[in-house]
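I have placed the structure first, in the form of structure tokens, so that the comments after it can refer back to it.
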Amino acid sequence: MTITNKRSSAPRQRPPVPTVTDIVRAVTNGEPAVRITAYDGSAIGPETAAIGLHVASERGLSYLLTAPGDLGMARAYVTGDLELRGVHPGDPYEALQVLGDGGLQLRLPSPADALRLVRGLGWERLRPPPPPPQEHLPNWKRTLQGLRHGRGRDAEAIHHHYDVSNAFYEKVLGPSMTYTCAVFRSPSDTLEQAQANKYDLVAGKLALKPGMRLLDVGCGWGGMVRHAAREYGVKALGVTLSREQAAWARAAIEREGLSHLAEVRHLDYRDAPLEHFDAVSSIGLTEHIGLRNYPRYFKTLRDRLKPGGRLLNHCITRADNRTSHRTGAFIDRYVFPDGELASPGKLVSAVHDAAFEVQHEENLRMHYTHTLAGWNRNLVEHWDACVDEVGVGTARVWGLYMAGSRYAFERNQIQLHQILATKTTRLGESSFPLRPDWTA
């Protein structure tokens, strides 16, 4: 007797390979407001849309599928595997605005859709491609560089962000070489005027006068140090963890004939000299400190102030206490490794806990939108020179980062706060007047 297998011996057919359009439909709600095209010839979205996304290669699709969200899109965009159409790469703000305001509403695919896509695509397309060279190590690998916000790891994080190229920063930031929020007395102010306004505002809040001593921690390219020395006759010391910044600042101090008053050292703020300074400014450093280090950070600054001295802390903050203090994946991997943001309330509490007396607090959120728009304009204007200096991938990172930050400030997702405090004595003496003694 012969036993036959009644099951078909024909090989199981693989489902048809889904198009990029099929994938978009599976992970979005409704029709996108942007035009999405792909290397496979598929397309979705209105043909007349001003903004377009083009998935240029299978590698780009793999980036999007293996790291859903901003990290996958950043990887594909930086490598050129995802193209933004209708905007300049130096200022993709309008594209981010359309996408962020609901132009592409992402969702998780249903289990059935997910299974169908996986079967059609094949596992080989779901293997993550190597990330672009501009991407920093993931958080777990950074442990090899030391504990989060330890000295060695902080130095590496600062190197990743600030030692890109001084020539590149000169093009993007402009003559002031100031990489922090400016202050616009009028929307018609130039970026240079607004940066000078910011330094004058800080100097006014600190009540700087000739002969006083100022410590500026995280001093960047020495903008505040040089301004305080040149305009107020202050003897100013700046410290920065970036060797490139320190070298540029020292050359600028020499060039401007300020060596008798101004100095910049390549130094961790924790190693700043234990002298009693009349004032301390921290402009854009707190974002790199880490929330757990706030007590030590503010105590370190207090220990360097004389009784009655003033502290001005200027930094980006979160708009609320509900979100994580960590930055998003794109910012963490490409821009500010280990960056952390707190709400203004947490900052004020930390300043109080370090035995300061908070005298004034101010939100400059909308000023940062104007500042970032100015930096994007500079990048567009000098695009070819910037690409020649750092490469197109890094230039794309900066255009995307600055435009995305502008969008976040405009939508009140992040803010910029200045906190003014005094080292008030045990007898309650703060040297602070009855009313603020500066002008906006």
Side-chain angles (χ1 to χ4, degrees), residues 15-110 112-114 116-122 125-126 129 132 330 369 372-373 376-377 379-381 383-384 387 392-393 395-408 410-411:
V17 177
T19 66
V20 172
T21 295
D22 293 332
I23 297 170
V24 172
R25 286 198 177 100
V27 299
T28 57
N29 287 317
E31 287 289 303
V34 296
R35 179 70 170 172
I36 301 175
T37 57
Y39 62 90
D40 61 4
S42 64
I44 187 173
E47 295 185 21
T48 57
I51 302 298
L53 296 175
H54 179 68
V55 183
S57 69
E58 288 193 9
R59 183 176 67 170
L61 180 61
S62 293
Y63 277 132
L64 298 174
L65 291 173
T66 56
D70 63 343
L71 183 59
M73 293 188 72
R75 286 171 172 170
Y77 179 67
V78 169
T79 56
D81 295 303
L82 177 66
E83 301 169 6
L84 278 176
R85 296 180 173 175
V87 291
H88 191 285
D91 186 8
Y93 170 78
E94 291 182 6
L96 300 183
Q97 185 182 40
V98 171
L99 293 170
D101 289 348
L104 192 64
Q105 300 181 31
L106 298 176
R107 65 175 175 87
L108 289 174
S110 68
D113 282 343
R116 177 175 55 83
L117 291 176
V118 169
R119 285 177 173 173
L121 288 167
R125 293 195 186 182
L126 299 178
F330 167 65
T369 67
L372 288 156
N376 274 125
R377 283 194 299 271
L379 181 55
V380 170
E381 181 180 351
W383 179 255
D384 290 342
V387 169
V392 67
R396 284 196 188 113
V397 166
W398 280 83
L400 183 64
Y401 148 63
M402 293 189 298
S405 296
R406 175 183 168 190
Y407 176 86
E410 285 187 345
R411 296 305 185 273

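In this text, all values refer to a predicted model and were calculated from it rather than measured experimentally.
In this structure, Tyr407 and Thr369 have side chains that are not in contact, with every pair of non-hydrogen atoms separated by 4.5 Å or more. When side chains are defined from C-beta on, Asp91 does not count as touching Leu379, because their heavy atoms never get closer than 4.5 Å. The side-chain heavy atoms of Trp398 and Asn376, taken from C-beta on, include no pair separated by under 4.5 Å. When side chains are defined from C-beta on, Pro129 counts as touching Thr66, because their heavy atoms get closer than 4.5 Å. By the 4.5 Å heavy-atom criterion applied to side chains, Glu31 and Ile44 are counted as neighbours. Inter-residue side-chain proximity for Leu64 and Asp81 is flagged as unmet; no heavy-atom pair is nearer than 4.5 Å. Proximity of Ile36 to Thr21: side-chain heavy atoms (C-beta onward) are nowhere separated by under 4.5 Å. Contact annotation: the side chain of Leu61 approaches that of Ile23 to within less than 4.5 Å [non-hydrogen atoms, C-beta and beyond].
By the 30° and 60° cut-offs, the orientation of the rings of Trp383 relative to His88 is perpendicular.
With a 6.0 Å radius and a threshold of 12 heavy atoms from other residues, nucleotides or ligands, Glu410 has its CD atom above the threshold.
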*Test log, rule side-chain contact (heavy atoms from CB on, under 4.5 Å), inputs Val87 and Leu96*: CA-CA 10 Å; Val87 291; Leu96 300 183; over 6 Å; no
*asked:* What verdict does the side-chain contact (heavy atoms from CB on, under 4.5 Å) test give for Tyr63 and Leu71, after you've listed the backbone C-alpha separation in whole Å, the side-chain angles of each residue and the deciding distance to 0.1 Å?
replied: CA-CA 9 Å; Tyr63 277 132; Leu71 183 59; over 6 Å; no
*Taking it one step at a time, do Arg59 and Thr79 satisfy side-chain contact (heavy atoms from CB on, under 4.5 Å)?*
CA-CA 10 Å; Arg59 183 176 67 170; Thr79 56; 3.7 Å; yes
*For Met73 and Leu82, what are the C-alpha separation, side-chain angles and deciding distance, and is it a side-chain contact (heavy atoms from CB on, under 4.5 Å)?*
CA-CA 7 Å; Met73 293 188 72; Leu82 177 66; 4.1 Å; yes
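For Arg25 and Asp113, the salt-bridge test fails: no basic side-chain N is under 4.0 Å from an acidic carboxylate O.
Atom CG in Leu53 sits 9.5 Å away from atom CZ in Arg85 (nearest 0.5 Å). Taken to the nearest 0.5 Å, the CZ atom of Arg119 stands 11.0 Å off from the CZ atom of Arg116. The CD atom of Glu83 sits 9.0 Å away from the OG atom of Ser57 when rounded to the nearest 0.5 Å. Here CG of Leu84 is found 7.5 Å from CG of Leu400. Values are rounded to the nearest 0.5 Å.
The two atoms that bring Pro46 and Pro32 nearest to each other are CD-O, 3.2 Å, heavy atoms only. The minimum heavy-atom distance linking Val55 with Gly60 is given by the pair CG1-C, 4.3 Å. Nearest heavy-atom pair, Arg396 versus Val78, reported as atom, atom and distance to 0.1 Å: NH1-O, 3.1 Å. Closest of all the heavy-atom pairs between Ala43 and Arg35 is CB-NH2, 3.5 Å. The nearest pair of heavy atoms linking Ala49 to Ala33 is CB-O, 3.6 Å.
For the 3.5 Å distance criterion, the side chains of Tyr77 and Asp70 fail to qualify, holding no donor opposite an acceptor.
Judged by the 6.0 Å and 45° rule, Arg406 forms a cation-pi pair with Tyr93.
For Asp22, the side chain to side chain donor-acceptor pair (under 3.5 Å) criterion is met by Thr19, not counting sequence neighbours.
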